[in-house]
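Structure first, then comments.
Atoms considered below: every heavy atom in the structure, side chains included; atoms not considered: hydrogens, waters and symmetry mates. Remember, it's 1-based here, ligands and their atoms both numbered in the order they're listed.
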Amino acid sequence: MSYSRKCVLLVNEEFEEKRRNNESIMNARISEIHSKIPKIQAIDKELSQTGVMIMSCALKGREGLEERLSELRARNLELQEKRKSLLLEAGYAPDYTDLKYDCALCQDYGAVNGKMCQCYKSRIIEEQFKLSGISNLVKTQSFDTFSLDYYENKEEMEELVKWSKKYINEFDTKKTSLLFVGGTGMGKTHLSTAIAKSLIEKGYGVIYETAQNIFFDFENDRFIDRFGGAEPEATKYLECDLLIIDDLGAENITPFTVSCLYNIINTRLNKNLPIIASTNFDSKEIRGKYHDRITSRLFSDFGIKIFKGTDIRRQKK
Ligand SMILES: Nc1ncnc2c1ncn2[C@@H]1O[C@H](COP(=O)(O)OP(=O)(O)O)[C@@H](O)[C@H]1O
Ligand SMILES: [Mg+2]
Ligand SMILES: [Zn+2]
């Protein structure tokens, strides 16, 4: 899995911020306590000398070193205990001045023993959802809400749902691009959103967008001067683990959008990054709209899934 760079940078920044915050809370509390309880200030001063004391113990030679060190240890413990009871006496929790963590597991570093902490993963997934363009759609369009009742070819659709779930499970190793073909209201967007949701939850970076908006972003990037090297908006369409292009063919087709589409398909397939494209147009209409270079890839490199039936939006009314 490869999280989108944008999300990783953002979440890393956030974790750093968390650590900085908790540290300044701790420092503020220590100052507060020092000014209120001078005895603790004195204890802290002595405790801060511990390192120096160990050094000077060692410099006095090996003889009696163990003894001197264990005396030091005992003194240290005694000071810690004293400190706690002073805090308690003054009405504070004994750990009032300790460094606190939002996540005790990873101490806000996002990883434990080189393994990603769940707290970090959840935040990335949350950001991934925001970036994905399906935050709103997933509220109503998932596998849970995908019903077979609206289809006459129930068995076929049941197969497709099963197949889609297998697609998700095997996504690690099998990167198949898909073309969903069928009339309006047949559940193409619904099923692609359901797939996107499951893959994002598994930790993949998925971007959903209509063809029209994707080309718009590419077009926009051409006209924006990027001072400071900000990343073009459209880079995400070339780099995410899965790109969902909705309503392909509904865009206003120009030489620019055609070359853009070719670039997207070519770049992604060469990098083994799949695409799920949906279209309301049949293969003949698609061939009429796009260049051979595009249609030959669409019809040979994409698995075609046909959606049939009566507009579900209307059935629901
Ligand atoms: N199998 C289904 N079960 C329940 N609702 C569905 C199903 N398929 C589609 N819908 C709903 O019908 C509406 C149209 O579906 P949509 O996926 O947008 O169709 P398409 O993309 O094929 O035009 C949406 O509100 C969607 O949630
Ligand atoms: Mg649709
Ligand atoms: Zn954590």
Checklist entry - Is it true that I37 and M26 fall in one hydrophobic cluster, defined by side-chain heavy atoms closer than 4.5 Å? => result no
Checklist entry - Would R287 count as a cation-pi partner of F299, with NZ or CZ less than 6.0 Å from the six-membered ring centre and within 45° of the ring normal? => result yes
Item to check | Test item: side-chain donor near acceptor, S192 and D246, under 3.5 Å | outcome: no
Next on the checklist: Under a 3.5 Å cutoff, is there a donor and acceptor pairing between the side chains of S177 and R268?
Outcome noted: no
Checklist entry - For atom 7 (C) of ligand 1, which protein heavy atom lies nearest, and how many Å away is it? => result I312 CD1, 3.7 Å
Checklist entry - To the nearest 0.1 Å, how far is atom 21 (O) of ligand 1 from its closest protein heavy atom, and which atom is that? => result T189 OG1, 2.7 Å
Next on the checklist: Please confirm whether G182 approaches ligand 1 to less than 4.0 Å, judged on its heavy atoms.
Outcome noted: no
Checklist entry - Does H190 reach the main-chain N or O of S142 with its side chain, forming a donor-acceptor pair under 3.5 Å? => result yes
Checklist outcome for this item: Of all heavy-atom pairs linking R68 and C57, the shortest is NH2-O, 2.9 Å
Checklist entry - Does ligand 1 have a heavy atom under 4.0 Å from the side chain of D246, from its backbone, from both, or from neither? => result neither
Checklist entry - Which bit of H190 is near ligand 1, meaning a heavy atom under 4.0 Å away: side chain, backbone, both or neither? => result both
Item to check | Interfacing atoms of ligand 1 (cut-off 4.0 Å, heavy-atom, Q141) | outcome: 24 (C), 25 (O), 26 (C), 27 (O)
Next on the checklist: For the 3.5 Å polar cut-off, considering only N or O atoms, please tell me whether G185 and ligand 1 meet it.
Outcome noted: yes
Next on the checklist: Quick one, V8 and Y120 - any side-chain contact, counting heavy atoms below 4.5 Å?
Outcome noted: yes
Next on the checklist: For Y109, I'd like to know if atom OH has over 12 heavy atoms of other residues, nucleotides or ligands within 6.0 Å.
Outcome noted: no
Checklist outcome for this item: Listed as residue and atom, the protein N/O/S atoms under 2.8 Å from the Zn ion (ligand 3) are C103 SG, C106 SG, C117 SG, C119 SG
Checklist entry - Which pair of non-hydrogen atoms, one from F15 and one from D108, has the smallest distance, and what is that distance? => result CD2-O, 3.4 Å
Checklist entry - Closest approach of I54 and L69, non-hydrogen atoms and distance? => result CG2-CD2, 4.1 Å
Checklist entry - Does Y167 have K174 sitting over its ring (NZ/CZ under 6.0 Å from centre, angle to axis within 45°)? => result no
Checklist outcome for this item: For Y151, the ligand 1 atoms with a heavy-atom partner under 4.0 Å come out as 1 (N), 8 (N)
Checklist entry - Do we get K154 above Y151's six-membered ring, with its NZ or CZ under 6.0 Å from the centre and within 45° of the axis? => result no
Next on the checklist: With a cutoff of 4.0 Å, is T140 in contact with ligand 1, counting heavy atoms of the residue only?
Outcome noted: no
Checklist entry - Does Y150 come within less than 4.0 angstrom of ligand 1, counting non-hydrogen atoms of the residue? => result yes
Item to check | The one among S147, G183, G187 that brings a heavy atom closest to atom 19 (O) of ligand 1 | outcome: G187
Next on the checklist: Keeping to distances under 2.8 Å, can you name the protein N/O/S atoms close to the Mg ion (ligand 2)?
Outcome noted: T189 OG1
Item to check | Heavy-atom nearest option to atom 18 (O) of ligand 1, drawn from R314, R313, K188 | outcome: R313
Checklist entry - Counting only N and O atoms by type, is there a donor-acceptor contact under 3.5 Å from the side chain of D311 to the main-chain atoms of R313? => result yes
Next on the checklist: Could you tell me if the side chain of I43 sits less than 4.5 Å from the side chain of K82, heavy atoms only?
Outcome noted: yes
Next on the checklist: Is there a polar contact between ligand 1 and L148, counting only N or O atoms under 3.5 Å apart?
Outcome noted: no
Next on the checklist: On the six-membered ring of F171, is K202 placed so that its NZ or CZ lies under 6.0 angstrom from the centre and within 45° of the ring axis?
Outcome noted: no
Next on the checklist: One residue to check: K316. Relative to ligand 1, which of side chain, backbone, both or neither has a non-hydrogen atom less than 4.0 Å away?
Outcome noted: side chain
Checklist entry - Does F302 have R297 sitting over its ring (NZ/CZ under 6.0 Å from centre, angle to axis within 45°)? => result no
Checklist entry - Of all the non-hydrogen atoms in the protein, which one sits nearest to atom 4 (C) of ligand 1, and at what distance? => result T145 O, 3.2 Å
Next on the checklist: I need the contact type for F180 against ligand 1. Using non-hydrogen atoms and a strict under-4.0 Å cut-off, is it side chain, backbone, both or neither?
Outcome noted: neither
Item to check | Residues R83, T97; criterion side-chain hydrogen bond (donor to acceptor under 3.5 Å, both in side chains); working and verdict | outcome: CA-CA 10 Å; R83 193 180 190 284; T97 55; 2.9 Å; yes
Checklist entry - Is the shortest N/O to N/O distance between T184 and ligand 1 below 3.5 Å? => result no
Next on the checklist: I'd like to know if E126 pairs up with K130 as an ion pair, taking the criterion as any Lys NZ or Arg NE/NH1/NH2 lying under 4.0 Å from an Asp or Glu carboxylate oxygen.
Outcome noted: no
